[in-house]
Protein chains: 2
Amino acid sequence: MPAKRHPDHAPLELERFLPYQLSIVSNTVSQAIADDYQARHDLSVTEWRVMAVLARFDGLSAREVAERTAMDKVAVSRALARLVAAGRVRRHIHANDKRRSVLGLTATGWRIHDEVAPMARQRERELLARLAPEEQAWLQQILDKLMPQDVVKS
Amino acid sequence: MPAKRHPDHAPLELERFLPYQLSIVSNTVSQAIADDYQARHDLSVTEWRVMAVLARFDGLSAREVAERTAMDKVAVSRALARLVAAGRVRRHIHANDKRRSVLGLTATGWRIHDEVAPMARQRERELLARLAPEEQAWLQQILDKLMPQDVVKS
DNA sequence: TGCAAATGGTTTCAGTTGAAACCATGATGG
DNA sequence: CCATCATGGTTTCAACTGAAACCATTTGCA
């Protein structure tokens with residue numbers, strides 16, 4: 001049952017509307033990956049992002065983690081609380097500034113990271129496999145252009 | 001302060017990780033548009049999507065709306081409750097099946113739709129303006145390929 | 001110095017979310 | 001027929017979320 005059109009009202013074709021398409025694709029992809037490690041390690045997306053950034057940049061403060069993950073500081077604070085409680089992240093206080101924390105993965109944290117990271121990369125490869133190499137290159141270039149500048153910095 | 005790398009652990013470079021990039025771009029874009037009509041019309045993203053699909057397909061049931069918006073039925077149910085209460089959507093019961101509802105925009109609903117839709121399209125144009133025409137075409141083709149098939153049907 | 005503003009981080013509060021349970025109606029098959 | 005299963009839709013519950021308020025510490029500057 002195809003239903004009536006209302007040409008005079010120029011309704012939006014959702015499935016051709018870029019922001020909508022982006023949101024569907026993005027959510028599907030992220031959820032598929034998250035399902036995997038969520039079940040296996042009781043790890044939320046935000047927690048995983050925090051771990052991923054601490055794996056690359058040891059000794060960051062919570063604020064710096066928030067910057068690098070494009071998450072707000074409340075979310076980071078909560079993710080860190082859970083990660084520290086689970087023994088996956090170590091936190092101590094900065095020597096010269098008692099407000100800052102100095103964060104890093106524990107041995108346990110590294111073990112989990114080393115299991116999740118290859119799996120995430122594998123999922124990314126599967127996703128990209130649906131595109132021709134040419135398309136993969138374009139996608140990369142396009143996303144770089146669309147990325148909001150305040151996330152990129154340094 | 002650039003921070004140590006840990007090459008032996010092959011940490012994920014979040015900012016080059018496709019699912020992450022997609023999620024940042026998608027959220028930024030959707031939020032920018034939503035901010036606009038949220039403030040002006042007290043309309044959430046889910047509500048707007050429901051209205052957009054009802055503008056194109058009059059008389060759908062809630063389940064069909066859920067299918068076409070790729071939202072789950074709980075979200076649709078709640079969005080509809082708000083929209084009906086606000087007099088933006090009319091709902092009556094299907095003649096031959098008392099479980100189904102038959103949905104459509106009211107005059108008020110149309111008025112809002114006709115204000116929001118052009119604005120959303122304008123924002124989309126602004127976004128696309130950051131890309132070369134060639135890139136726009138590639139993006140469209142790529143998103144079509146990445147779109148999960150169960151969303152596309154019919 | 002010392003006091004106001006800024007900064008790092010946590011907590012509170014109220015709103016949103018999805019999974020599962022639920023209710024009503026409709027279809028199916030013995 | 002009528003028991004059972006499927007379907008459309010809503011409600012409940014617990015977890016998650018972000019904005020604003022908050023606390024502690026540091027910085028800036030009169």
Side-chain angles (χ1 to χ4, degrees), chain A residues 1 23-24 26-28 30-32 34-35 37-39 41-50 53-54 57 59-86 89-104, chain B residues 1 23-24 26-28 30-32 34-35 38-39 42-50 53-54 57 59-86 89-104:
Chain A
M1 43 235 58
S23 129
I24 300 286
S26 164
N27 290 341
T28 313
S30 285
Q31 202 47 55
D35 284 348
Y37 57 73
Q38 240 149 42
H41 299 290
D42 183 32
L43 194 63
S44 74
V45 176
T46 58
E47 286 166 337
W48 165 245
R49 286 191 181 164
V50 169
V53 77
L54 288 180
F57 305 101
L60 292 187
S61 71
R63 216 193 67 66
E64 290 165 326
V65 170
E67 239 176 39
R68 296 216 171 256
T69 53
M71 298 164 34
D72 74 49
K73 62 181 190 161
V74 179
V76 169
S77 169
R78 285 195 267 241
L80 282 172
R82 287 205 62 203
L83 289 169
V84 170
V89 165
R90 123 195 79 73
R91 160 163 58 187
H92 39 79
I93 296 170
H94 192 282
N96 304 331
D97 183 345
K98 288 175 200 151
R99 293 169 308 177
R100 302 171 67 91
S101 35
V102 178
L103 302 162
Chain B
M1 42 233 56
S23 131
I24 299 284
S26 165
N27 290 340
T28 314
S30 287
Q31 202 46 54
D35 284 348
Q38 241 150 42
D42 184 30
L43 193 63
S44 74
V45 176
T46 60
E47 285 166 335
W48 165 244
R49 286 191 182 166
V50 169
V53 77
L54 288 180
F57 305 101
L60 292 187
S61 71
R63 217 193 68 64
E64 291 166 325
V65 170
E67 239 176 37
R68 295 215 171 257
T69 51
M71 297 163 36
D72 74 49
K73 61 181 190 163
V74 179
V76 170
S77 169
R78 284 195 267 242
L80 282 172
R82 288 204 64 205
L83 289 169
V84 170
V89 165
R90 123 194 81 73
R91 159 164 58 186
H92 38 79
I93 295 172
H94 192 282
N96 304 330
D97 184 344
K98 289 177 199 151
R99 292 169 307 178
R100 302 170 68 90
S101 35
V102 178
L103 302 162

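Every chain is numbered from 1 and lettered A, B, ... according to where its sequence line falls, protein lines coming before strand lines. What's counted below: heavy atoms across the whole structure, side chains too, no hydrogens, waters or symmetry copies.
Among D:dG18, C:dG18, D:dG9, the nucleotide with an atom closest to any side-chain atom of B:Ser101 is D:dG9. Residue A:Ala62 has its side chain nearest to C:dG9 when only D:dG18, C:dG18, C:dG9 are considered.
Rounded to an integer number of Å, the gap from A:Met71 CE to D:dA19 P is 13 Å. Nucleotide C:dA24 holds its C1' atom 11 Å from the CD1 atom of B:Ile93, rounded to whole Å. Across the protein-nucleic acid pair, A:Arg100 atom CZ and C:dG9 atom P stand 6 Å apart, rounded to whole Å. One atom, NE2 of B:His94, and another, P of C:dA27, lie 10 Å apart when rounded to the nearest Å. A straight line from NZ of A:Lys73 to P of C:dT10 spans 10 Å, rounded to a whole angstrom. The nearest whole Å value for the distance from the CZ atom in B:Arg49 to the C1' atom in C:dT16 is 15 Å. Between B:Leu80 atom CG and D:dG9 atom P there is a gap of 9 Å when expressed in whole angstrom units. A:Asp72 has its CG atom 15 Å from the P atom of C:dT11, to the nearest Å.
Look at B:Ser77 and you won't find any side-chain N or O under 4.0 angstrom from OP1 or OP2 of D:dG9. Of the side-chain N and O atoms in A:Arg91, none sit less than 4.0 angstrom from OP1 or OP2 of C:dG8. Contact annotation: A:Ser44 does not reach the phosphate of D:dC16 (side-chain N/O to OP1 or OP2, under 4.0 Å). For D:dG9, neither phosphate oxygen OP1 nor OP2 lies less than 4.0 angstrom from any side-chain nitrogen or oxygen of B:Arg99.
The shortest side-chain heavy-atom distance between A:Met71 and A:Val50 falls under the 4.5 Å cut-off. Side chains of B:Glu47 and B:Gln38 form no contact here, defined as non-hydrogen atoms less than 4.5 Å apart. A:Arg49 has its side chain out of reach of A:Val65: every pair of non-hydrogen atoms, C-beta onward, lies at least 4.5 Å apart.
B:Asp97 pairs by the salt bridge (charged side-chain N to carboxylate O under 4.0 Å, His left out) definition with B:Arg99, not counting sequence neighbours.
Taking OG from B:Ser61 and CD1 from B:Ile93, the interatomic distance works out to 13.0 Å, rounded to the nearest 0.5 Å.
Among the atoms of the strands shown, none is found under 4.0 Å from any heavy atom of A:Thr46. Counting non-hydrogen atoms under 4.0 angstrom, B:Lys98 reaches the backbone sugars and phosphates but no base.
Contact annotation: side chain of A:Arg78 to base of D:dG18, donor-acceptor pair present below 3.5 Å.
If B:Val74 and B:Arg63 are placed on DNA chain D by their nearest nucleotide, the residue sitting closer to the 5' end is B:Arg63.
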